[in-house]
Amino acid sequence: MKSFTERVWEQLKLIPKGKVASYKTLSEAMNSKAYRAVGSAVKKNPYAPGVPCHRVVKNNGEIGGYSGPGGVKRKIEILKKEGVEIIKNKVDLKKYLYEFR
DNA sequence: CGCTTGACACCGT
DNA sequence: AACGGTGCCAAGC
């Protein structure tokens, strides 16, 4: 039985490099409105590259948090490396927001 | 106009 | 039960 958390990871894997998805969009992609719980799910993610939790940002483009090494700073660095420009800890959703379709 | 900050409520584990 | 984390709102400069 897949837990809500595992289902979230499935959506993360669908995100292509150079794009980011918001927790809210993620919840809608899985037919759930518990976008608040998505944040908790990502935090519990014990997998590293298998689940690109660093590609998940808040609906307003803010990076949010990162439980990995280096904290949010590290997350921003990775996104920039992917081709996503980070402005003041925020991403241009209009340009990098990935839609699950 | 653009940008920032604080607080609250809600979700799943 | 508690915790963490997100989303929207408003106001101010």
Side-chain angles (χ1 to χ4, degrees):
Chain A
M1 190 61 174
K2 281 160 60 196
S3 299
F4 187 90
T5 304
E6 289 187 55
R7 170 159 275 179
V8 174
W9 306 342
E10 295 288 317
Q11 314 310 322
L12 303 182
K13 293 197 245 181
L14 301 176
I15 304 173
K17 131 178 165 343
K19 298 277 229 184
V20 293
S22 66
Y23 296 95
K24 193 159 167 250
T25 303
L26 218 28
S27 63
E28 290 181 21
M30 65 175 71
N31 197 24
S32 295
K33 302 291 192 291
Y35 48 88
R36 288 164 163 101
V38 177
S40 298
V42 169
K43 190 185 165 190
K44 298 165 206 291
N45 170 9
Y47 302 92
V51 184
C53 50
H54 59 265
R55 285 194 189 137
V56 189
V57 298
K58 303 216 332 179
N59 197 23
N60 45 290
E62 196 185 316
I63 299 303
Y66 187 60
S67 305
V72 182
K73 196 169 181 265
R74 178 64 173 168
K75 185 170 177 175
I76 294 168
E77 193 179 329
I78 297 170
L79 290 170
K80 286 174 71 171
K81 202 172 177 180
E82 303 260 335
V84 181
E85 56 183 310
I86 311 300
I87 309 302
K88 190 96 165 92
N89 289 8
K90 289 210 269 193
V91 185
D92 285 303
L93 297 179
K94 57 164 81 99
K95 294 162 70 174
Y96 303 106
L97 179 58
Y98 173 68
E99 301 177 72
F100 295 93
R101 351 184 359 164

I need the minimum non-hydrogen distance between A:F4 and A:A37, along with the two atoms involved.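 Where A:F4 meets A:A37 most closely, the heavy atoms are CE2-CB, 4.0 Å.
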Flag the pair A:L97 / A:V91 as yes when at least one side-chain heavy-atom distance between them is below 4.5 Å, and no otherwise.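 No, their side chains stay 4.5 Å or more apart.
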By side chain to side chain contact (heavy atoms under 4.5 Å, CB included), which residues pair with [X], not counting sequence neighbours?
X	result
A:R7	A:Q11, A:M30
A:K33	none
A:S3	A:E6
A:S40	A:K44

Please identify each residue that fulfils ring-ring contact (aromatic ring centres under 6.0 Å, His included) with A:Y98, with sequence neighbours left out.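 Result, ring-ring contact (aromatic ring centres under 6.0 Å, His included) vs A:Y98: A:F100.
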At the 4.0 Å heavy-atom cut-off to chain A, mark where contacts on DNA chain B begin and end, going 5' to 3'.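 Endpoints of the contacted stretch of DNA chain B: B:dT4 to B:dT13.
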With a 4.0 Å heavy-atom cut-off, tell me which residues in residues 81-101 of chain A come close to DNA chain C, sorted by residue number.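 The answer is none.
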Heavy-atom contacts under 4.0 Å between residues 17-34 of chain A and DNA chain C, which residues?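 Output list: A:Y23, A:K24.
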If I take atom [atom1] in residue [X] and atom [atom2] in nucleotide [N], what distance separates them, rounded to the nearest angstrom?
X	N	atom1	atom2	answer
A:I63	C:dT6	CD1	C1'	14 Å
A:E62	C:dG5	CD	C1'	12 Å
A:N60	C:dG5	CG	C1'	13 Å
A:K43	C:dG5	NZ	P	4 Å

Pairs in or reaching into [range]: which pass salt bridge (Lys or Arg N to Asp or Glu O under 4.0 Å), with residues at least two apart or in two chains?
range	value
residues 47-64 of chain A	A:R55-A:E82
residues 88-101 of chain A	A:E85-A:K95
residues 63-78 of chain A	A:R74-A:E77

Verify the contact: side-chain N or O of A:N59 to OP1 or OP2 of C:dT6, cut-off strictly under 4.0 Å; return yes or no.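 No, A:N59 has no side-chain N/O under 4.0 Å of OP1/OP2 on C:dT6.
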Contacts of A:K13 that satisfy salt bridge (charged side-chain N to carboxylate O under 4.0 Å, His left out) - sequence neighbours left out: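 Result, salt bridge (charged side-chain N to carboxylate O under 4.0 Å, His left out) vs A:K13: A:E10.
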Base of C:dG5, side chain of A:S40 - is there a donor-acceptor contact under 3.5 Å?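 Side chain to base: no pair below 3.5 Å.
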